[in-house]
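Note: hydrogens, waters and symmetry copies are ignored here, and every other heavy atom, side chains too, is used.
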Amino acid sequence: MGLGQKGIFTGIVKREKGAIVLDCGNGPALELAMNGFNPAADLKALEAFVGKRVRVEGIEGSGRAAIFIDGIAAITVLGPPGRPSRPPQP
């Protein structure tokens, strides 16, 4: 996948070396980079997702282990693997 192609990535959000990254389990962790003008505020917004399993819609960086996202709306929190995302309906 090259720069400019939007994709969906699933993994666990972690904090590594002062950055927020997505660990997909295959290859290096991908840094989450928002298209904001204040990196400190972006980092603070992404901090709420640390330790959670998420699905991210964004553009994978070319030559850089990063995913560029439009905002926190591109992140969906998922349940643990192997469990349904919604409880069964009565």
Side-chain angles (χ1 to χ4, degrees):
M1 213 178 222
L3 187 61
Q5 298 176 353
K6 201 168 250 191
I8 296 178
F9 307 88
T10 304
I12 298 175
V13 178
K14 297 180 178 179
R15 177 180 273 287
E16 286 184 5
K17 300 177 186 172
I20 304 292
V21 298
L22 180 68
D23 185 5
C24 297
N26 55 354
L30 302 168
E31 180 182 353
L32 292 174
M34 288 180 30
N35 293 334
F37 297 105
N38 187 345
D42 294 347
L43 200 62
K44 192 172 185 177
L46 292 171
E47 185 71 37
F49 297 103
V50 171
K52 296 182 180 173
R53 186 171 166 266
V54 298
R55 182 178 66 223
V56 178
E57 183 179 349
I59 300 171
E60 185 175 13
S62 179
R64 180 176 171 203
I67 300 173
F68 299 97
I69 60 175
D70 291 330
I72 59 172
I75 301 173
T76 305
V77 177
L78 304 173
R83 295 186 65 192
S85 58
R86 286 195 279 175
Q89 299 298 320

Practice task
Report the C-alpha distance between K52 and V13 in whole Å, list the side-chain angles of each, state the deciding distance to 0.1 Å, and finish with yes or no for side chain to side chain contact (heavy atoms under 4.5 Å, CB included).
Solution key: CA-CA 6 Å; K52 296 182 180 173; V13 178; 5.7 Å; no

Practice task
Give the intermediate values and the outcome of side chain to side chain contact (heavy atoms under 4.5 Å, CB included) for residues E57 and K6.
Solution key: CA-CA 7 Å; E57 183 179 349; K6 201 168 250 191; 3.3 Å; yes

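Residues L32 and V50 share a single hydrophobic cluster, defined by chaining ILVMFWY side chains whose heavy atoms lie under 4.5 Å apart. If you chain together hydrophobic residues whose side chains sit under 4.5 Å apart, F49 and I12 never meet in one group. Hydrophobic clustering, with ILVMFWY side chains joined whenever heavy atoms are under 4.5 angstrom apart, keeps V77 apart from V21.
Between M34 and G71, the shortest heavy-atom contact is CE-CA, 4.2 Å. For the pair A29 and A65, the tightest heavy-atom approach, listed with the atom from each and the gap, is O-CB, 3.9 Å.
Counting heavy atoms from C-beta outward, L78 and R53 have side chains that approach closer than 4.5 Å.
Interatomic distance, F9 CZ to I75 CD1, rounded to the nearest 0.5 Å: 12.5 Å. Taking CD1 of I20 as the start and CG of L30 as the end, the distance is 14.0 Å to the nearest 0.5 Å.
Counting only residues at least two apart or on different chains, the salt bridge (Lys or Arg N to Asp or Glu O under 4.0 Å) pairs with a member in residues 29-38 are E31-R64.
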Throw together a table of side-chain donor-acceptor distances under 3.5 angstrom for residues 37-47, partners on residues two or more places apart or in other chains.
unit_1: N38; atom_1: OD1; unit_2: A40; atom_2: N; d: 3.2
unit_1: N38; atom_1: OD1; unit_2: A41; atom_2: N; d: 3.4
unit_1: E47; atom_1: OE1; unit_2: R15; atom_2: NE; d: 3.3
unit_1: E47; atom_1: OE1; unit_2: R15; atom_2: NH2; d: 2.3

